[in-house]
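Proteins get letters first, then strands, A, B, ... in listed order; numbering begins at 1 in each.
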2 protein chains.
Amino acid sequence: MAEIKGLMRTHNCGELREEHVGQTVTLCGWVNKYRDLGALHFIDIRDKYGLTQLGFEAFTGDLAILKDCALESVIKVTGEVAKRPEAAQNKKMDTGLVEVQVKEIEVLSRNDIDNIPFLPFGQIEATEDLKLKYRYLELRTKKLQDILALRSKATNTVRRILQEQKFIEVETPILYKSTPEGARDYVVPSRVHPGKVYALPQSPQTLKQLLMIGSTDKYFQICRCFRDEDLRADRQPEFTQIDMEISFATPEYIKNLVEKILGELFDLEDGFTLPMMSYNEALARFGSDKPDLRFGLEHRIVTNIFKDSDFSVFSSVAGANGLIKAIFVPEAMGSFSRKDTDALTEVVKPHGGKGVAFFKVSGEERTGGISKFITDEIYQALVATGEESGNGTWLFCADADHDTTHGCADALRRHLGKKLDIIEDGYKFLWVYDFPLLEWNPDDKRYIARHHPFTMINVDQKDTFIAADPKDSESLKDMPAQAYDVVCNGYELGGGSIRIHEQPIQKKMFEVLGMGEEEIQSQFGFFVEALKYGVPPHGGLAFGLDRIIMLLAKTDSIRDVIAFPKTTSASDLMSKAPSVPAQAQLDELHFNWNKK
Amino acid sequence: MAEIKGLMRTHNCGELREEHVGQTVTLCGWVNKYRDLGALHFIDIRDKYGLTQLGFEAFTGDLAILKDCALESVIKVTGEVAKRPEAAQNKKMDTGLVEVQVKEIEVLSRNDIDNIPFLPFGQIEATEDLKLKYRYLELRTKKLQDILALRSKATNTVRRILQEQKFIEVETPILYKSTPEGARDYVVPSRVHPGKVYALPQSPQTLKQLLMIGSTDKYFQICRCFRDEDLRADRQPEFTQIDMEISFATPEYIKNLVEKILGELFDLEDGFTLPMMSYNEALARFGSDKPDLRFGLEHRIVTNIFKDSDFSVFSSVAGANGLIKAIFVPEAMGSFSRKDTDALTEVVKPHGGKGVAFFKVSGEERTGGISKFITDEIYQALVATGEESGNGTWLFCADADHDTTHGCADALRRHLGKKLDIIEDGYKFLWVYDFPLLEWNPDDKRYIARHHPFTMINVDQKDTFIAADPKDSESLKDMPAQAYDVVCNGYELGGGSIRIHEQPIQKKMFEVLGMGEEEIQSQFGFFVEALKYGVPPHGGLAFGLDRIIMLLAKTDSIRDVIAFPKTTSASDLMSKAPSVPAQAQLDELHFNWNKK
């Protein structure tokens with residue numbers, strides 16, 4: 001495809017090679033380096049594509065113009081491509097064999113070099129906040145330009161695959177209805193309808209289901225979603241989702257589709273299939289529904305082994321139907337000083353743990369920590385829980401509350417993976433299935449949806465579900481949903497489910513979640529009604545695009561993958577948003593600040 | 001590309017042909033028609049791809065199940081494809097040579113046929129409001145499904161072209177800064193920053209310019225934009241823009257790019273180029289900056305001809321430096337009864353016109369209207385203003401205010417085009433250039449930006465601009481901008497400009513627009529500062545996607561091209577958005593309704 005004509009430049013700054021020698025070219029870009037060697041002057045001109053060296057030996061104009069070429073000024077030069085003298089060649093640089101001997105130079109935009117907050121080279125000497133305030137300068141770095149290009153290419157790949165599969169992309173509204181279930185909504189006051197608000201969608205969930213009811217069949221959208229939550233380092237108030245929904249789909253279809261997409265995005269071998277693991281298995285082996293499979297150190301459930309132990313902490317946990325988990329670290333992976341084992345307490349504390357018990361094995365000897373309670377019988381039973389044993393360190397998490405043990409042992413395992421430097425390169429994917437449908441919230445004495453209230457139960461449990469008592473914390477506690485997550489390297493890349501397409505089940509679901517008839521009507525009345533008029537069975541999945549790009553770009557910071565990110569307090573430091581509105585704006589919207 | 005496995009169906013309902021005869025297939029879809037011929041039963045099953053006839057001659061189950069197959073119920077059938085008997089073949093139907101002899105049938109979802117508000121067939125018997133309330137039913141129509149698919153395909157085409165040209169798609173924030181210049185913003189109160197708001201972008205104008213400053217080079221985004229304006233029939237509170245920006249671009253580049261995109265979208269001949277017309281010429285010849293070129297009836301400027309006329313209405317307009325325009329309608333195009341000419345007053349009234357003067361020519365005779373004032377001299381002068389004359393009707397608009405004459409004569413011309421049924425099929429494109437930079441607002445006694453405050457003037461007028469007095473209504477009135485519109489069939493498809501990349505000009509522009517230093521700082525301080533640090537010359541254009549799809553789909557209603565449109569009072573009748581929020585939501589956002 002020929003480049004469209006009409007740019008000021010003939011080539012970009014990363015393009016010239018030996019084959020261009022002798023050609024007259026025009027380049028535009030930023031002054032990346034300026035060397036004044038007295039008789040000789042050199043400029044490296046830069047754009048997002050690369051760098052080219054400019055020489056001035058053939059320049060007949062006034063070299064005083066070079067005084068205006070401060071670093072980061074934008075210039076336009078015309079000249080002839082020449083081969084550099086052997087000694088001046090730079091084989092590490094794509095354009096390093098040539099230079100442009102400038103005949104004309106124009107300074108398109110002088111940089112105020114005395115006041116520029118930082119220069120966009122290499123490791124930038126600036127705080128995170130300063131980089132965000134002058135994001136446009138940071139965007140000039142190769143790192144961020146490469147990530148922007150990667151992101152564009154990745155969405156392109158996804159769109160191509162989905163279009164080949166006859167999906168159509170449908171844009172759903174951003175000004176939509178507030179549905180307080182789930183996270184907090186961002187709301188938009190209506191000028192035309194005083195006292196009413198729109199909400200920005202947390203996801204287009206009901207809309208895509210309505211598209212299925214409208215016979216759209218195979219839908220996708222790369223769409224913005226909004227959640228007004230207190231932000232963590234890896235969250236943003238707005239984020240992008242690859243949203244998909246398919247009528248007449250089985251869970252296998254969705255898994256196959258996900259494999260196709262991941263295969264192309266992550267350049268996996270042909271015929272890649274996702275390893276599968278049930279939610280319960282993931283919890284038992286890793287204490288997490290998004291286990292990082294790039295390293296071992298699997299959990300071992302050892303509760304029963306300590307039932308009659310003299311170590312009362314463990315025996316009382318076991319006696320109370322609690323959970324005790326062990327991790328065995330072979331000597332070859334690393335050893336632990338007293339300081340190391342003490343420090344593990346800090347790892348589990350944020351997860352409700354009180355400490356990490358341990359003992360060490362060296363030959364026939366068991367030493368340290370709780371070793372005096374480890375009888376031969378107990379030790380043999382521990383060894384029998386897995387394939388690895390021998391010299392090394394045994395670490396334990398125990399709590400009467402199973403979730404606490406899982407959480408602590410998960411944190412411990414992830415900590416060990418990093419600390420022992422045993423995490424392999426590459427991507428380890430997992431399809432986690434059979435998620436629980438509901439969670440019991442003991443404070444509100446009601447169930448909450450684990451995924452969302454549109455998730456389907458297994459077909460053979462319809463009668464149980466319809467008959468269940470919403471106030472009984474046991475009846476639905478373990479009911480699995482037709483829900484699944486895609487996990488990679490310890491991160492959730494996406495999640496989905498088969499949806500409820502039968503009105504009685506949907507209504508029951510809202511009841512189970514503690515909603516009264518009136519609330520159901522006002523929030524979801526339109527949706528419940530839509531389920532009456534011929535609904536195809538359907539399901540779908542949404543990927544978090546930001547997370548996928550983070551994995552592809554191998555960065556830990558979500559800010560690297562978003563052109564104009566916000567801080568953890570949801571501020572845009574560059575434009576200073578949010579900002580104080582004019583009173584006239586508020587008046588038109590019929591609202592005022594609450595001074596209380 | 002093989003279809004991914006795992007759908008409940010083997011084929012869709014528009015797919016089966018003679019070549020499939022003998023195969024066992026499974027179809028899923030909606031009951032579109034049910035005929036009970038006593039001994040014989042037929043169902044037409046429908047999905048978005050088409051219809052297939054189902055027969056039950058081989059069915060061994062209980063036919064009572066067909067009672068559950070009310071129209072619009074969703075069923076799944078398995079059976080053998082058979083050739084229809086000659087007499088039963090339907091050659092107008094894609095699948096009309098075959099039928100499926102059902103062996104198994106499952107009702108996946110019964111439609112509540114007694115309560116369904118309307119059936120999605122043909123011309124729907126329902127009000128617009130009812131159709132919007134049950135949009136998911138209307139979406140089942142072939143018309144809307146075809147438009148959704150067309151829209152997806154069109155954005156796909158645009159993305160492909162731009163990617164071939166090395167553009168990258170960058171997502172810019174939706175929660176951004178409020179900048180009251182221009183239309184009214186939708187605002188989002190911040191929970192974390194009491195008293196502050198985000199605004200939803202009216203367009204990503206400053207953001208895409210900051211991407212250029214950040215060296216991103218060739219940017220595009222198919223993005224949602226928001227304007228809280230009183231809606232007309234063809235507007236929506238949120239709309240979609242194909243947004244493009246290019247560094248180091250000349251206006252020619254942008255025009256070439258637009259030609260490439262339009263050429264592929266509208267399937268135009270190879271090497272298509274946009275005809276060009278200056279703003280002033282468009283106004284003179286058509287009274288509009290978006291003339292519909294599918295028919296003639298060009299305006300003729302006839303002011304001077306009536307300077308000394310006895311018809312005092314015209315001579316006083318001419319004397320007051322007003323404007324008189326004529327349109328000549330040849331007899332072959334149509335003639336006008338007294339009722340017709342009287343009715344023209346209603347056409348021009350909304351544009352400030354008092355009436356439409358006219359006279360008729362037949363052979364040597366001039367009759368009717370103002371014919372008694374049309375001397376031979378005046379008539380010969382009128383004839384000399386254009387190529388067409390002879391038998392027919394001359395129509396006139398006149399006003400002391402030029403814009404009023406243009407507006408009336410434009411409305412008159414468009415009215416005549418429709419009424420005389422002379423509008424040709426097809427697409428007539430136009431590139432309108434040399435738009436005025438500014439307009440003088442006599443009420444506020446200040447200039448307002450015609451395009452937006454980032455539009456560049458012609459390079460040779462920089463000094464004049466910098467020196468101009470912002471309070472002088474004459475000094476900048478006629479200064480042209482480097483701004484252009486793409487017009488098709490009387491609609492603006494898009495608009496763009498070369499942007500200001502020099503800080504002094506940008507600051508002067510804000511001053512010219514009546515902004516004080518403090519206001520500039522608080523609104524655009526970050527942007528003005530960015531212009532200090534090395535800015536590439538750049539420009540861009542944005543297409544209105546909704547309008548393009550309307551033209552491609554040949555529909556006059558913007559609601560046809562949007563999956564879930566809002567009404568003219570910005571309501572979503574389906575979900576009932578906007579809605580009254582919970583008081584707890586408002587409390588968290590620190591705002592309250594103003595009861596005044």
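Heavy atoms closer than 4.5 Å to chain A are found nowhere in B:K76, neither backbone nor side chain. Contacts of B:S247 with chain A are made by backbone atoms alone, with heavy-atom separations under 4.5 Å and no side-chain atom involved. Both the backbone and the side chain of B:V187 come within less than 4.5 Å of a heavy atom in chain A. For A:A2, the part sitting under 4.5 Å from any heavy atom of chain B is the backbone (N, CA, C, O) and nothing else. Both the backbone and the side chain of A:V535 have a heavy atom closer than 4.5 Å to some heavy atom of chain B. In this structure, the portion of B:K260 lying under 4.5 Å from any heavy atom of chain A is its side chain and not its backbone. Interface remark: A:L71 contributes no atoms to any contact with chain B (heavy atom separation under 4.5 Å). In this structure, chain A has no heavy atom under 4.5 Å from any part of B:F527. Contacts between B:Q163 and chain A at a heavy-atom distance below 4.5 Å involve the side chain alone, from C-beta outward. When heavy atoms are compared at a cutoff of 4.5 Å, B:Q221 approaches chain A solely by way of its side chain, counted from C-beta outward. For B:V188, the parts sitting under 4.5 Å from any heavy atom of chain A are the backbone and the side chain alike. For A:D228, the parts sitting under 4.5 Å from any heavy atom of chain B are the backbone and the side chain alike. Contact annotation for B:R110: only backbone heavy atoms (N, CA, C, O) come within less than 4.5 Å of a heavy atom of chain A. For A:I213, the parts lying near chain B are the backbone and the side chain together; criterion is any non-hydrogen pair under 4.5 Å. Interface remark: B:L589 contributes backbone and side-chain atoms alike to the contact with chain A (heavy atom separation under 4.5 Å). Only the side chain of B:L137 comes within contact range of chain A, with heavy atoms under 4.5 Å apart. Using a 4.5 Å cut-off between heavy atoms, B:E138 makes no contact with chain A at all. Neither the backbone nor the side chain of B:I113 comes within contact range of chain A; no heavy atoms are under 4.5 Å apart. Of the two parts of B:L573, neither the backbone nor the side chain holds a non-hydrogen atom closer than 4.5 Å to a non-hydrogen atom of chain A.
Looking at heavy atoms from C-beta onward, B:F564 lies in side-chain contact with A:L210 at the 4.5 angstrom threshold. For the pair A:L148 and A:L139, the minimum side-chain heavy-atom distance is below 4.5 Å.
Put simply, the side chain of B:H193 gets close to the backbone of A:S569: a donor and an acceptor are under 3.5 Å apart. Using a distance-only test at 3.5 Å, with no hydrogens or angles considered, a donor-acceptor pair links the side chain of A:E229 to the main chain of A:R184. Between the side chain of B:E3 and the main chain of A:Q165, no donor-acceptor pair closer than 3.5 Å is present. Of the possible polar contacts, none joining the B:E171 side chain to the A:R224 backbone as a donor-acceptor pair under 3.5 Å is found.
Ring-plane geometry between B:Y533 and A:Y136 is classed as parallel, the angle between the planes falling under 30 degrees on a 0 to 90 degree scale with a further cut at 60.
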